[in-house]
Structures are given as structure tokens and as C-alpha cells.
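The chains referred to below are lettered A, B, ... by the order of the sequence lines, with proteins before strands, and numbering in each begins at 1.
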Number of protein chains: 2
Amino acid sequence: MRPDDISEVRKLHLFEDMQDSNFQTMLNAAYLQTFPAQSELIREGDSADFLYVVMEGSIELFAKSNGRETTMAIVRPVNTFILAAVLKDAVYLMSARTVERSRVLMIPTDNVRTAFESDPDFARSIVTELAGCYRAVIKDHKNLKLRSAVERLANRLIKYHAEQGANGVVELFHDKRTLAALLGMTPENLSRAFNTLKPYGVEVKGNCIKLTDLAALDVLAKPNQLIDDRTV
Amino acid sequence: MRPDDISEVRKLHLFEDMQDSNFQTMLNAAYLQTFPAQSELIREGDSADFLYVVMEGSIELFAKSNGRETTMAIVRPVNTFILAAVLKDAVYLMSARTVERSRVLMIPTDNVRTAFESDPDFARSIVTELAGCYRAVIKDHKNLKLRSAVERLANRLIKYHAEQGANGVVELFHDKRTLAALLGMTPENLSRAFNTLKPYGVEVKGNCIKLTDLAALDVLAKPNQLIDDRTV
DNA sequence: GTGATAGATTGATAAATATCAAATTGGACC
DNA sequence: GGTCCAATTTGATATTTATCAATCTATCAC
């Protein structure tokens, strides 16, 4: 495991206040694995064996029921996923697969729990992290319940735009079928939604989307900090 | 505050392992208030001043955006709500109003945070509680994304039935408009969904719903533990 | 360069859901 | 019992979204 990787993991809010020795112990027990695209890492319903940290690439969290499937989140570096199942010693509620070739750090559940029990600063960071995860899902849920498909796409583009430097261009980091599933619509309707946004200055070229009239897009999207602001 | 109330609060997983002195200190700082029906307790976007515990009655957590409103949860006794905002010292993402006349214990945010910082057992319980809240919202989100309105109603009836003793009758503890909003549909469509469930043994008489063919209802609903089981 | 293939787009249609309006029902109050 | 009013149901219609199918496009392997 490269020093770069270690310092990247250490910088995560979850781990930054952890005692050095505990952090080291935990890292010693961890595995760094590379997975090719479309590899399934975890399956919903299975027991949680590891806490996962995406170091490179991206991971799709998805769920299935009764023949249907939906995307719940895309996790990008450097971030953890399925912390709650680890801490509750419960089953996964979502499956996870690599979107692209990815490097993933896998920390055994027992080590996470041991550190949690013995390191108050880590415990505090866990609480903050969990509260943040909870609030993020609440916001996703509000987004889905309070907005139409087109509105959800518009707000997602504005969000990606801001995250990518706000220079008029958005690069999608996963395919459109996954974006559709994430936004709660079919791929066909995603395509149609993009067309609906054309008069609002949205030009689509493959995975590259140019936003040429941000003011108009904003009026249609009506961003709401209590839904769209990842820092709230 | 009645001894009954105190022991009810103490029995909550969140508080049961807390040091006695910390629990007492926190209760000494708390207010027990009675609110009439349709009182707004908190407003989304405001700073979190209290952690709330429903002692009697019920509370609707709801959200608004761009002229639309939706119900996110109904909280019944004895349960807390908006723990994450308290712990993150953040704004509320949802508003809350009483469904009926309710008694609510309000614990100042500072006291909760102080106890969290000084009582490791409390901190541990907080982590478990937050993880549980997170997982509950994930399940709600899956429910909304993976099921049609009729399916959501069917599963909700089965869930209420099990919770209410599984004796063939379900009593709704809030009006149907709220149930509709909770399940992500209009009141009109809720009414229609009930009619759709009639051939599956669902007889509606006001707030009282008789389930006369559980096997048929189950086949239509296709419950999934990873969505519907509150203990998972 | 060619062929194959998966993803995306487009078109047509069906189904699910919302909106609007009117009618009915049940509960509270006098 | 009568009246009022809010909640619910029912009906009609519109809108949104999904499904199915065909076509197009971009990428990859040879």
C-alpha cells in the first residue's frame, strides 16, 4: 500500500482524528484490492465483513427487488461505503459493483468495531459520518418525492457542474443508463429529459455536457440547498 | 414529568446505557410540552435547538420544495426524531407537526452533545441509533424506487398488520391524506389503490381496514425483508 | 477498414399517476 | 335531527413515465 494511499485514507474525516496506533493497526489488517469493471463486491442480504474505501475508480451501490433494480448511489474516491451495516453488525441493504476498474481498500469489520470501542475520537468521527450519510439519503429521498424526472436531471447537472469547477462543461463519470437509474427513470426517459433541457442551454455530446445558459437552467431546476447542497 | 415518562424514555435504546448522572442531568434540562393537533414543532432550514422525544400522540415529519410537500415519516411514542441534525449541529432537513394532540419531551441540543462527548456508552448507543435511522431511510428509498404505488400500499398494510398483532384488522393512526403522502401518491390514488386491493381481501371502513385474504395480499405485495423488516 | 456489439436515441403506445371537479360520507356542533 | 365542513371517493381527463421496438452511434477487436 502506497504512502500516498495511506495519507489519502488518513485525510478522510472518518479517520483523521483516530489515534495513530489504532489507525496503524487497522491498516495492517486491511487489504487493498483491484477489481475490474463490473465486479460485484458485496451483495445485499449478506453479512458485512469489511468496511470499504474507494481509492480509485468508482462503485455503484444498487438494490434489487421483485425483478427490478435501481441505483442508490455512486461512490467515488476517496470515500467509504456501507459504514452503517458494519457498525450495526447487520446485513448489507445494497449490493456494490465497480463501474470501472477500481482500487478498493477493505478493512475487516472486527477491526473497525474494535477501534470504535476503544478510540473515543474515532467514535466521534463515526457519529459525524453516520449523521452525514443519513442526511444525504434524506436529501435523496426528498429529491425523488418532490421533483419530476426532468427537474432531478437539471439539478444533478447543476450540482455536477459546480463540483467540476463550474466552467460550463460537465463530464459524466458513468454511463447514462446508470445516471438514469440513479435519478429514478428509464434510460429512454433520461434521453428525452436531456432533449427537454435543450432549450435551457444543455448540449449533450456523449458523456460531455455543455451548459450554455445557466440562468435559464437554474430557473427550471430551482435548486434548494436543503436538497442539493452536499455540505448541508 | 411523571415517573412513567422517565422510565419510558430511559428504556429507549438510545438512553438505556447512559450513565445515571448524565441521564439525570439531561432530563433536568428538558421540557415536557403538550401541543395541540397540527402544531408545527420545527421548520426545515432552522437550526436544531432540541432533540425531540414523542411521549404521546404522533408527529409528522414533512418536507417542502417549490410549492410541493411530502410526508417523510410518522413518529410515534416513544421515539426520538432529528437526532442527526442535533449531532451535526446542522439545520433541520424536515419540518415536524403534530398529527394529533401530543406530548413531546424536548432535550436541549447542548445537553445531548455534552453527554455524547462525556459518556462513551451513550456515544455507542448514538452510533447504533444513527445507523438504524440511516438504514430505515435506505429502505424507504428502495421502497419508493422499486415498487409501484399499489405495491407500496399493500406492503404497508402487511407491515401495520404485523405490528398491530396480526388479528386481521389494521387501524390507521393518521388520516388517509397523510398515508398517501407518506407512500408517495395523491389521496385520490390512495383511494384507487385501496379499490385495486379489494379483490385481495382488503376491506376499508374509514380508518379501519380488514384483511381477509392475507395469502393473496402477500402474493401481490411480495414483501422483502431488506425493505420491509424494521429489525433488519 | 470491417464487423460486431453495447449503449443511446427515437418513435409508438401503454400504463401509472396527477390534476381537476363533483359527489358522497362522516364527524362535530347546535 | 339538521347544518356545516373537512375528508374521502368517484369520475373525467391530462400528464408523466414506462415499455417495446427500431434505428443510430461509438467503440473495440480483428
Asker: Is there a residue in residues 145-155 of chain B whose heavy atoms reach under 4.0 Å of DNA chain C, and which residues are they?
Answerer: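 Residues of residues 145-155 of chain B that come under 4.0 Å of DNA chain C are, in numerical order, B/S148, B/A149.
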
Asker: Between B/K142 and A/T70, is there a donor-acceptor pair closer than 3.5 Å when you use the side chain of the first and the backbone of the second?
Answerer: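 Not a single qualifying donor-acceptor pair exists.
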
Asker: Charged N to carboxylate O under 4.0 angstrom, A/E60 versus A/R97?
Answerer: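 Here A/E60 pairs with A/R97 in a salt bridge, since their nearest N and O are under 4.0 Å apart.
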
Asker: If we only count heavy atoms from C-beta on, is the A/L93 to B/V232 side-chain gap below 4.5 Å?
Answerer: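 In contact.
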
Asker: Whole angstrom is fine here: how far is it from CG in A/L183 over to C1' in D/dA18?
Answerer: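 From A/L183 CG to D/dA18 C1': 16 Å.
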
Asker: With heavy atoms under 4.0 Å as the rule, sort B/R177 into base, sugar-phosphate or nothing.
Answerer: sugar-phosphate

Asker: Can you tell me the distance, in whole Å, between the NZ atom of B/K205 and the P atom of C/dG26?
Answerer: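 To the nearest whole Å, that distance equals 7 Å.
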
Asker: Could you tell me which residues satisfy side chain to side chain contact (heavy atoms under 4.5 Å, CB included) with A/N195, sequence neighbours excluded, listed by chain and number?
Answerer: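 So A/N195 forms a side chain to side chain contact (heavy atoms under 4.5 Å, CB included) with A/K198.
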
Asker: Can you tell me how far P of D/dT9 sits from NZ of B/K198, to the nearest Å?
Answerer: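 Going from NZ in B/K198 over to P in D/dT9 covers 10 Å.
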
Asker: Sort out for me which residue in B/R152, B/R147, B/K139 forms a salt bridge (Lys or Arg N to Asp or Glu O under 4.0 Å) with B/D228.
Answerer: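 Between B/D228 and the candidates, salt bridge (Lys or Arg N to Asp or Glu O under 4.0 Å) is satisfied uniquely by B/R147.
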
Asker: So does B/N189 get a side-chain nitrogen or oxygen closer than 4.0 Å to the phosphate oxygens (OP1/OP2) of C/dT17?
Answerer: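 Negative; the distance criterion is not met.
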
Asker: For the CZ atom on B/R43, are there more than 12 heavy atoms of other groups (residues, nucleotides or ligands in this structure) within a distance under 6.0 Å?
Answerer: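 No, because the 6.0 Å sphere around CZ of B/R43 holds 12 heavy atoms or fewer from other groups.
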
Asker: How long is the span from the CZ atom in B/R135 to the CD1 atom in A/I82, to the nearest 0.5 Å?
Answerer: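 CD1 of A/I82 is found 9.5 Å from CZ of B/R135.
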
Asker: Using whole Å, report how far CD of B/E69 lies from P of C/dA18.
Answerer: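 My rounded result for the distance is 15 Å.
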
Asker: Using atom CG of A/L190 as one end and atom P of C/dA8 as the other, report the distance to the nearest whole Å.
Answerer: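 Those two atoms, CG and P, are 9 Å apart.
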
Asker: What nucleotide, of D/dA7, C/dT17, D/dT10, holds the atom closest to the side chain of B/S191?
Answerer: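 Of D/dA7, C/dT17, D/dT10, D/dT10 is nearest to the side chain of B/S191.
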
Asker: So, OP1 or OP2 of D/dT9: does either fall under 4.0 Å of a side-chain N or O from B/K176?
Answerer: yes

Asker: In degrees, rounded to 10°, what is the bend between the two ends of the helix from C/dG1-D/dC30 to C/dC30-D/dG1, using five pairs at each?
Answerer: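 Taking the rotation axis at each end, their angle is 50°.
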
Asker: To the nearest Å, how far apart are B/E100 CD and D/dA7 C1'?
Answerer: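 B/E100 atom CD is separated from D/dA7 atom C1' by 17 Å.
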
Asker: Looking at D/dT8, D/dT10, C/dT10, which one has an atom nearest to any side-chain atom of A/N195?
Answerer: C/dT10

Asker: Consider the side chain of B/E188, meaning its heavy atoms from C-beta on, and name the nucleotide among C/dT10, D/dG11, D/dA7 that approaches it most closely.
Answerer: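 Nearest to the side chain of B/E188 among the choices is D/dG11.
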
Asker: Rounded to whole angstroms, how far apart are CZ on B/R192 and C1' on C/dA23?
Answerer: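 Interatomic distance, CZ of B/R192 to C1' of C/dA23: 13 Å.
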
Asker: Can you measure B/M185 atom CE to D/dT17 atom C1' for me and round it to whole angstrom units?
Answerer: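 Checked: the CE to C1' distance equals 16 Å.
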
Asker: Please check if the number of heavy atoms outside A/Q225 that lie under 6.0 Å from its CD is greater than 12.
Answerer: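 It does not: A/Q225 CD has 12 such atoms or fewer within range.
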
Asker: On DNA chain D, compare the nucleotides closest to A/T186 and B/F194; which residue's is nearer the 5' end?
Answerer: B/F194

Asker: Both conditions, 6.0 Å and 45 degrees, for the charged tip of B/K176 above the ring of B/F194: are they met here?
Answerer: yes

Asker: Salt bridge or not for A/E163 and A/R76, using N-O below 4.0 Å?
Answerer: no

